[in-house]
Amino acid sequence: MGGLTGDPAFVTTTFVVIDFEATTPKGYPAQPIEVAALALRYASGAWTTAGKPFSSLIRPPAFAPVTPAVTAQTGLTAEQVGRAPGPAEVLGALDRRFAAGKPYLLVAQHAATEANLIHNQREHCPALARIDLLDTIPLARYLFPGLPNHRLDTLLTHFSIKHPADRHRAYADVEVTAEVFIQLVSAADENAELSDLAALVKIAGRTAKCNMPAQGELFDVPSASERGHGEPV
């Protein structure tokens with residue numbers, strides 16, 4: 001057991017790997033059409049899941065239809081999401097998974113995307129919208145700077161994790177992102193500079209927008225793209 005996984009703050013935190021699929025209508029913020037989440041806890045030298053995984057399609061508003069490009073990437077069709085419950089029902093159900101007073105961190109590949117989607121839907125998920133995030137991209141870049149890039153597919157190959165057949169569906173991406181995160185934590189455990197959760201957050205953290213001071217994003221850890229090193233997910 002290394003310094004990171006021996007840190008009391010680390011072992012008391014529930015890490016919730018989360019992923020959205022979305023449409024990007026012109027003139028509007030991205031609108032979610034699918035969400036998945038998987039909660040992980042570390043104890044006694046092993047990772048376990050905390051509760052049941054969550055996954056649901058989400059019906060987008062009329063101004064954000066599923067386009068052929070979205071279907072080509074995700075396989076989701078307008079007919080499928082048109083039969084799904086709306087964001088208030090889906091995100092409300094997800095929001096109720098988070099117990100008051102317990103420490104959580106969201107984990108995502110390119111967490112800025114998830115952070116923005118959650119913030120724009122915050123009326124439906126106020127608890128979720130106040131949970132800070134960890135981004136696997138800057139963490140992977142810090143730990144494995146020699147990789148050609150730090151996209152999810154590249155990390156899957158690097159860690160010999162099987163690429164899912166339904167890549168770009170929310171739950172498939174959550175499952176493999178969780179595997180990547182576990183590998184990254186294992187590597188971080190061997191790094192003397194990442195001796196506790198605070199150090200991990202310093203490298204890969206992103207403050208939820210609802211937690212930012214009103215005068216601006218003073219304490220936000222910039223995303224990869226904001227640092228001029230943007231990478232597709």
Side-chain angles (χ1 to χ4, degrees), residues 1-11 13-21 36-38 40-42 45-47 73 103-118 131-164 167-168 170 172-209 211-212 217-233:
M1 182 171 62
L4 174 60
T5 55
D7 175 30
F10 185 90
V11 298
T13 297
T14 299
F15 298 90
V16 181
V17 185
I18 190 165
D19 184 74
F20 286 89
E21 301 302 329
L38 177 65
L40 301 173
R41 293 286 302 274
Y42 186 89
W47 289 94
Q73 182 178 48
Y104 295 96
L105 280 173
L106 302 179
V107 177
Q109 174 82 2
H110 194 253
T113 299
E114 274 61 39
N116 287 333
L117 280 161
I118 292 168
I131 300 174
D132 294 332
L133 305 96
L134 288 174
D135 192 333
T136 53
I137 290 179
L139 181 57
R141 184 182 296 117
Y142 178 84
L143 292 167
F144 300 97
L147 293 178
N149 59 63
H150 299 85
R151 301 172 187 173
L152 183 54
D153 288 327
T154 302
L155 295 175
L156 295 181
T157 299
H158 178 74
F159 292 123
S160 299
I161 298 169
K162 184 178 179 180
H163 292 238
R167 175 82 168 88
H168 295 297
D173 284 1
V174 156
E175 285 192 306
V176 293
T177 300
E179 291 188 60
V180 165
F181 177 63
I182 288 170
Q183 292 290 336
L184 292 173
V185 168
S186 180
D189 227 14
E190 303 302 319
N191 189 305
E193 295 182 5
L194 294 176
S195 58
D196 55 23
L197 183 62
L200 190 71
V201 169
K202 186 175 181 180
I203 294 296
R206 170 172 283 272
T207 304
K209 289 188 174 183
N211 296 334
M212 292 177 182
E217 301 181 1
L218 297 182
F219 303 109
D220 189 27
V221 176
S223 67
S225 59
E226 291 166 338
R227 290 196 298 269
H229 301 289
E231 295 179 10
V233 297

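For A170, the side chain to side chain contact (heavy atoms under 4.5 Å, CB included) partners are D19, E21, E34, A36, not counting sequence neighbours. With sequence neighbours excluded, the residues that form a side chain to side chain contact (heavy atoms under 4.5 Å, CB included) with A187 are L143, F144. For P103, the side chain to side chain contact (heavy atoms under 4.5 Å, CB included) test picks out T12, T13, with sequence neighbours left out.
No side-chain heavy atom of H158 sits under 4.5 Å from any side-chain heavy atom of T154. Considering only heavy atoms from C-beta on, L197 comes within 4.5 Å of L105 through its side chain. Annotation: side chain of V185 is in contact with side chain of F10 (closest heavy-atom distance under 4.5 Å). Looking at heavy atoms from C-beta onward, K209 lies in side-chain contact with N116 at the 4.5 angstrom threshold. Using a 4.5 Å heavy-atom threshold, the side chains of V11 and T5 count as separate. Looking at heavy atoms from C-beta onward, W47 lies in side-chain contact with F15 at the 4.5 angstrom threshold. I131 is not listed as a side-chain neighbour of V16, based on a closest heavy-atom distance of 4.5 Å or more.
In terms of heavy atoms, A188 sits closest to L4 at CB-CD2, 3.7 Å. Closest non-hydrogen pair, V17 versus V174, comes out as CG1-O, 3.7 Å. Closest non-hydrogen pair, S195 versus D7, comes out as O-CB, 4.4 Å. Heavy atoms only, all atoms of each residue included: Q109 and R151 are closest at NE2-C, 3.4 Å. Closest non-hydrogen pair, A111 versus D135, comes out as N-OD2, 3.0 Å.
Atom OG1 of T113 and atom CD1 of I18 lie 12.0 Å apart (nearest 0.5 Å). Taking CD of E179 as the reference point, atom CG of L155 lies at 12.5 Å (rounded to 0.5 Å). A distance of 9.5 Å separates CG of N149 from CZ of R141, quoted to the nearest 0.5 Å. Separation of atoms CG (L134) and CZ (R206) is listed at 11.5 Å; rounding is to 0.5 Å. Expressed to the nearest 0.5 Å, how far CD1 of I137 lies from CG of L184 amounts to 11.0 Å. Going from atom CG of D189 over to atom CG of L194 covers 9.5 Å, rounded to the nearest 0.5 Å.
Taking 4.0 Å as the cut-off between side-chain N and carboxylate O, R167 and D173 count as a salt-bridged pair.
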Worked check of ring-ring contact (aromatic ring centres under 6.0 Å, His included) between F159 and F181: CA-CA 11 Å; F159 292 123; F181 177 63; over 10 Å; no
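T136 and H150 form no side-chain donor-acceptor contact under 3.5 Å, judged by distance and modelled atom types alone.
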